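Report on the structure given below.
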Amino acid sequence: MDGNGSYGFDTLVIHAGQSAKEWQGGTLAPIFQSASHLHATAENLSQTFAGMTSDHIYMRLTNPTNRILEEKLTALEGGQGAVVMSSGMAAIANACLALLRTGDEFVTGNSLFMSTYQLFTKVFVKYGITARLVESTDTGAIEGAINEKTRFVYLETIGNPKMDIPDLKRAAEVAHGHGVPLIVDNTLATPYLCRPFELGADVVVHSTTKYLSGHGQAVGGVVIDRGRFDWSQKRFPDFKPFIDRKGPLAYLDKVWREHHINFGTTQSPFHAYLTMLGLDTLAVRMERHVTNALRVAQYIRERPEVRWVNYPGLEIHPSHATGLKEFKGKGFGGMVAFGLKDEESCFRFINHLKLIYHLANLGDCKTLVIHPYSSQYVSFDETTKRSLSITPDLIRLSTGIEGAEDICRDLGQALDKVK
Ligand SMILES: Cc1ncc(COP(=O)(O)O)c(C=O)c1O
């Protein structure tokens, strides 16, 4: 791509990382389906293992197709480097573990995606790591939970399915005031709505399975490094060799070298290719997702069967003002949560949908619904479900990009069947 980053987001999303000259004139990134790569000399392979060249060695370490996706995602978030991984959860686990040792703590917002919640509260504890959960939107509580053992603060741009929006700028100031970085899961907002680095975040993670790929066609994740955090502070003594090797990208090197390649959380290049196909249309899809979500929220709010609607785009929503500021007026995302009378009403509603898909995913161009209480969270205890706002009356809707009136009509006819 010509130019020096002066293109707007809608252009960048299509052209960043494109290199038709190197692809024999092809305009789509080729799929390099090769487990290993040839090296002309013994010296070259040795230098590459030592990190002195950017050549490829073996697919678990790096892959040329994946690298193109990494360049695109780095450009979209405005970071300095990225590593794509096998799933969003792989990215989250590696992003956190690169910073954690036994005895360490971190502070996290309490409106976490289900598997992230499990990882933080059920898996990390087995290794002597403590997650301190606080209200995501309460910056004072975030600050209050930071102590000398804290290694980072972790937040999601939009809570799922709580739909709360933390003040990332203030959270970053608080984290930095205590010498710790801020990691943000930007999956639900995407860089179309929010670029957490511009608000002070240090690391961004995504499940690329959702809006970035956009068609329910690929699973993947990414860790993106802003490359600005000072890892030489005394809180991070284990960073020395990574700083010596990679300077400002010490963190990304640690994520990659210590965790990604040893855990084998490799993304298949075919999934990277599919993700790039989807990524081309991210800007236009997001534009439609957010307008459709607002229309749906306004429509169901008027329906007598719907007891409550939780969508930050509604002016009465407690996170509306933060969303307006952080998302620069571009909308409030595609996810809408709402309540019917009870679990039985939710089942009746879902069972009568004709157009809308009932499945466990989000961020697809098709509209999707799920009853989280009886599905993803079915094995959670009641207290935990309540703390995560998972109630029996909750329906979570991921608004797609179909015609808004068709979505509303399908919702309406299914609501007609609900008592
Ligand atoms: C906000 C968020 N983060 C992370 C994930 C995990 O992503 P993946 O399923 O790609 O592992 C999800 C999945 O739904 C999610 O919603």
Side-chain angles (χ1 to χ4, degrees), residues 66 69 73 77 82-97 108-123 131 136 154-166 168 183-194 196 201 203-224 259-260 263-268 270-272 274-275 278-279 286 289 293 312 319 332-337 357 359-364 366 368-372 375-377 380 388-390 394 396-400:
N66 291 9
L69 177 58
L73 296 174
E77 284 289 7
V83 180
V84 294
M85 297 180 193
S86 50
S87 69
M89 284 319 301
I92 292 165
N94 288 333
C96 294
L97 285 173
T108 172
N110 60 1
S111 62
L112 292 168
F113 165 62
M114 184 241 339
S115 288
T116 310
Y117 179 84
Q118 295 282 71
L119 178 73
F120 288 180
T121 62
K122 300 282 186 296
V123 183
S136 313
Y154 183 98
L155 292 168
E156 293 184 8
T157 334
I158 306 175
N160 166 18
K162 261 192 179 175
M163 306 298 152
D164 49 350
I165 303 173
L168 295 182
I183 303 178
V184 174
D185 179 339
N186 198 26
T187 301
L188 261 60
T190 82
Y192 172 83
L193 287 181
C194 179
V203 175
V204 165
V205 293
H206 279 279
S207 164
T208 59
T209 317
K210 317 297 174 190
Y211 295 103
L212 297 182
S213 59
H215 301 73
Q217 82 283 35
V219 176
V222 65
V223 179
I224 309 170
H259 294 84
H260 175 61
F263 285 145
T265 41
T266 311
Q267 178 161 153
S268 138
F270 181 54
H271 283 231
L274 291 175
T275 301
L279 200 56
M286 286 309 290
H289 279 298
S319 285
F332 295 83
M335 302 297 295
V336 181
Y357 284 14
L359 54 78
N361 196 9
L362 60 88
D364 195 315
K366 302 166 194 78
L368 317 172
V369 291
I370 196 158
H371 180 247
S375 56
Q376 298 132 309
Y377 294 86
F380 281 50
L388 296 169
S389 303
I390 308 299
L394 163 73
R396 192 193 74 183
L397 184 124
S398 170
T399 318

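Scope of the values below: all heavy atoms of this structure, side chains included, with no hydrogens, waters or symmetry mates. Quick note: residue numbers are just sequence positions, from 1. When a ligand or atom number is given, it counts from 1 through the structure's own listing order. Note that the structure is predicted; figures quoted are calculated from it, not measured.
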Any I92 heavy atom less than 4.0 Å to ligand 1: yes
Test log, rule side chain to side chain donor-acceptor pair (under 3.5 Å), inputs N186 and T157: CA-CA 5 Å; N186 198 26; T157 334; 2.8 Å; yes
Polar contact flag, side-chain donor to acceptor under 3.5 angstrom, T265-H260: yes
Candidate with minimal heavy-atom separation from atom 1 (C) of ligand 1, of D185, I158, N160: D185
N361 and ligand 1 - part of the residue with a heavy-atom distance under 4.0 Å: neither
Identified side chain to side chain contact (heavy atoms under 4.5 Å, CB included) partner of V84 from the options V223, L73, T266, T208: L73
Check: G88 N/O within less than 3.5 Å of ligand 1 N/O: yes
Contacting atoms of ligand 1, where contact means under 4.0 angstrom from a heavy atom of S207: 4 (C), 5 (C), 6 (C), 7 (O), 8 (P), 10 (O)
Audit row: T187, S207, side chain to side chain donor-acceptor pair (under 3.5 Å) steps and yes/no: CA-CA 6 Å; T187 301; S207 164; 5.1 Å; no
Ligand 1 atoms in contact with G220 (distance to a heavy atom under 4.0 Å): 10 (O)
Donor + acceptor pair across side chains of S111, S136 (<3.5 Å): yes
Ring centre gap for Y211 and Y192 strictly below 6.0 Å: no
Any N or O of M89 closer than 3.5 Å to N or O of ligand 1: yes
Contact (N/O only, under 3.5 Å) between E156 and ligand 1: no
The single option from V203, V184, V205 passing side chain to side chain contact (heavy atoms under 4.5 Å, CB included) against Y154: V205
Per atom 14 (O) of ligand 1, closest listed option by heavy atom (H206, Q376, K210): K210
Neighbour count >12 (heavy atoms, 6.0 Å) for atom OH, Y377: yes
G363 to ligand 1, any heavy atom closer than 4.0 Å: no
L188 neighbourhood, listing ligand 1 atoms whose heavy-atom distance to it stays under 4.0 Å: 1 (C)
Heavy-atom nearest neighbour in the protein, as seen from atom 6 (C) of ligand 1, with distance rounded to 0.1 Å: F113 CE2, 3.5 Å
Numbering as shown, the atoms of ligand 1 that approach L362 to under 4.0 Å (heavy-atom distance): 16 (O)
Any side-chain donor near an acceptor of the partner, Q217 and H271, under 3.5 Å: no
